[in-house]
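Structure, as structure tokens:
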Amino acid sequence: MYSKLESSKKEQRKAITLPPSVSETYVGLRAHLGEGIYLLENGDLGITFAVEGIYDEVLTENDLYAAFSPYAKFLGAVSKGIPPHKENASTVVQIICSQRVIEKAPALSGASAGAGAIIQHEIGSLFSSGLIRRNFYLTVRWTPEHKPLNLGRALTIFKQAVALSSENSIAAASELETQRSYFAKELKRALLESSLKAKVLEEQELIAYYNSVFHRGLAQPYKLKFEELEPAWTSIISPACQGTPHGFTYDNGNISIFTFSELPPVFALGRFRQFLDSLPLKTFDACWTISAGQKNPGAEHIFKKMFFSQGPANRKKYQDLVSFEEGCSSTNPSTKMSFKLISYDLTEDLEARVFSTAVDYLGCPIIRETQIASHLIASSLPMNCSAAEHNIIGRFKTVLLDRALCFAPLYTTDTDSAGERQWVARNGEPIKLDVFGSGGNNHLCVLGNSESGKSCLISQFLIEFVWRFETGVIRIIDRKTSYNKICDLFGGKIVSFSESELKKNPYSPFAFESWDDDDISNTVVFLQNAIVQLNPEAVITGLHTEILTESIKLAANDHEKNKQYAGVASDEVSPHVTWIDIKKKLPTAADAKGSENSLVMTALDEIRRWTVSFDKTGQFGFLFCQYEKSDSQSEGARIVVYDLDGISDP
């Protein structure tokens, strides 16, 4: 058993001595050749894109697979070589998920003073609580079939475009430009065929990401410090650190890395999103790498199949190899795949929780790398993993491309605000949810238990509506008056449908400026419903309906004549038909149906009996009265809430 002092000395002996600049040792970036293509230290060419992620909260499993199809098509093409040549291992692809804490809320534009201030305040409060954002980078690194013999000299000529005397150097520069153009052309073609949304990463963005990793996931300002011809890595400012078997150690923190010890036995796309969402890490970088795409399984596979075919004990392994071989094709090639998770300032408690999260969601252990951690951290950086570096035994798995796709860490949402409202997903990530984006005819259903926050969420939608649409009007039918606050904020009005309130400010169902056939039909339906509600025993027949319809027509005609006469004589006239006007026309309407017919007279008596409460002195007469009292508060109100809490009978 070692003492603490002896243990400390042992760790010091294990420590890896690093030069002052970690980037000089671990970053192969050399120079930008144009169109986002970089020359790397061994003569490879590389490019990095920012790509959109997939937010799968509302997607079915089939929808999720469909959303992955652009990536599958693109990766199927590039894994076999971009541009293709006889070496299957000519291309390495990385997809990197970089999760960071958002330190500053995005600015809003075009907001009205009232709603914009409210939204900006709430967004600021949310983002100050430590929300996260995921950025995604897709890297393609290509090994040219014919590399320039003198890279340094070729780069000088390429950059300066100066024809020096050395024919070899000029030829090397020409070859470099040929390879660069070829790479750009083939890559562009693959992107167009896949319809993948990808944007070339700007130089300052790429350098900023390198700096962020070496500074333990913290944002670092981009500082251009190298001259035109100096290597690009000199702009990556890495703090003084010491390499250990576990990663990099700094004075105030550490960088560690995890890898999968084996593939999950069963896999679905949604599981990996759950794994990423459940990681107990606010800041991390997940890197998924594939290389050596080929439609044939390869010699190693053939030898394994021959070995496992010898006895019944290995029959299952043999069948798995046969199935693997049958699955290989030009569209679903065999690939080398690895997954690495970079973590920052890891504690023992966090490490244990990372282990349990992997087992819970993937059914597969994830291990902390203790042998070549520094190398794996470096090879997780964009363009920093070559075909040779992705060939370390025990650090990759050979799988079919469609199975490897399940590991692609592409779960996020579009977080560019573009002046629109930012929301928060259940994993704490900001998202852009635009319920008004299609310009109309949107239907939204908000479901939840009591006191779960449905009204609060809807209020947020209403605030965004008021902010974005200056002339928009909101009408709300509610049973619990949950919108008092929003009405107060924006000068809205609450109309309470209790008997006491309606008697003060009634709303008649007959208040039409003019009557047409649709108005009459709708009014008849309203009266029929009211009769049945107040007289459950009532059986309304076609004859009752005809008498009511005719009575309304007669009353509406008389009202129109009265308005015309009143206009000539400058007399006042009732603003609309009332139930009293319709009731007076019931006998005339019955006569038109045949007053001697006993069925007609019975129907007339039933209508009179059923509608007693409609009279001015009846229980609900105030609903059918003559005038509606004006309320200046409702004039120009953009939000009006009709509170049905006072209506006990549904």
Side-chain angles (χ1 to χ4, degrees), residues 22-30 36-51 71 74-75 78-82 87-98 135-144 147 183 187 198 201 206-207 209-210 212-214 231-233 236 238 243 247-248 255-260 284-294 333-343 369 371-399 401 404-405 407-410:
V22 177
S23 56
E24 181 180 356
T25 306
Y26 286 105
V27 178
L29 208 61
R30 284 300 172 262
I37 298 173
Y38 287 84
L39 177 68
L40 306 175
E41 63 178 344
N42 70 339
D44 286 359
L45 301 180
I47 189 170
T48 300
F49 300 96
V51 295
Y71 296 99
F74 178 74
L75 294 171
V78 299
S79 65
K80 295 188 293 294
I82 288 288
E87 296 293 336
N88 289 323
S90 63
T91 305
V92 177
V93 181
Q94 294 168 289
I95 294 179
I96 299 171
C97 167
S98 178
N135 293 318
F136 293 89
Y137 308 114
L138 187 150
T139 286
V140 181
R141 175 170 176 156
W142 176 59
T143 302
K147 295 183 181 181
F183 181 46
L187 195 61
L201 207 64
L206 180 64
I207 299 299
Y209 175 69
Y210 279 124
S212 172
V213 172
F214 284 125
W233 55 258
I236 302 172
S238 54
F248 296 144
I255 302 178
S256 303
I257 194 162
F258 294 91
T259 59
F260 283 123
F284 64 81
D285 293 271
C287 178
W288 171 78
T289 308
I290 64 169
S291 68
Q294 53 188 16
S334 166
T335 64
K336 293 179 180 178
M337 184 204 79
S338 66
F339 179 79
K340 292 161 280 189
L341 178 68
I342 302 177
S343 63
E369 179 59 53
Q371 296 182 39
I372 50 175
S374 298
H375 168 81
L376 292 185
I377 292 172
S379 62
S380 299
L381 298 172
M383 296 181 287
N384 225 40
C385 185
S386 67
E389 291 165 339
H390 196 228
N391 199 28
I392 301 174
I393 301 300
R395 268 56 180 192
F396 72 86
K397 309 292 180 182
T398 302
V399 297
L401 178 64
L405 273 174
F407 291 84
L410 291 165

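No hydrogens, no waters, no symmetry mates; every other heavy atom, side chains included, goes into these values.
- Taking each heavy atom of S98 and Y137 in turn, the nearest pair found is CB-CE1, 3.9 Å.
- Side-chain N/O atoms of T289 and H390 include no donor and acceptor closer than 3.5 Å.
- Between L40 and L45, every side-chain heavy-atom pair lies at or beyond the 4.5 Å cut-off.
- For A378, the side-chain contact (heavy atoms from CB on, under 4.5 Å) criterion is met by Y26, N384, not counting sequence neighbours.
- In this structure, L75 CG and I95 CD1 are separated by 5.0 Å, a value rounded to the nearest 0.5 Å.
- No side-chain heavy atom of W142 sits less than 4.5 Å from a side-chain heavy atom of L187.
- Here the shortest heavy-atom pairing between Y209 and I96 reads OH-CG2, 3.3 Å.
- Across all non-hydrogen atoms, the minimal contact from C287 to S380 is SG-O, 3.7 Å.
- V93 has its side chain out of reach of T335: every pair of non-hydrogen atoms, C-beta onward, lies at least 4.5 Å apart.
- The CG atom of D285 sits 6.5 Å away from the OG atom of S212 when rounded to the nearest 0.5 Å.
- We find the CD-CZ distance between E369 and R395 to be 4.0 Å, quoted to the nearest 0.5 Å.
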*asked:* As a quick check of understanding, evaluate side chain to side chain donor-acceptor pair (under 3.5 Å) for T139 and T48, giving each step before the final call.
replied: CA-CA 4 Å; T139 286; T48 300; 3.0 Å; yes
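- With hydrogens and angles ignored, the 3.5 Å screen pairs no side-chain donor or acceptor of R141 with any backbone N or O of G46.
- Scanning both residues, F258 and S343, for their nearest heavy atoms gives CE1-OG, 3.6 Å.
- Every residue was checked against the side chain to side chain donor-acceptor pair (under 3.5 Å) condition with S334, not counting sequence neighbours, and none meets it.
- A side-chain hydrogen bond (donor to acceptor under 3.5 Å, both in side chains) with S379 holds for exactly one of Q94, E389, K340; it is K340.
- The shortest heavy-atom contact between F183 and V140 is CZ-O, 3.8 Å.
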*Might you work through the side chain to side chain contact (heavy atoms under 4.5 Å, CB included) test for W288 and C97, ending with a clear yes or no?*
CA-CA 9 Å; W288 171 78; C97 167; over 6 Å; no
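- Remark: side-chain polar atoms of T91 are not paired, donor with acceptor, to backbone N or O of A292 under 3.5 angstrom.
- Across every non-hydrogen atom of V51 and A198, the tightest pair is CG1-CB, 3.7 Å.
- Note: I37 CD1 to I47 CD1 = 5.0 Å, rounded to the nearest 0.5 Å.
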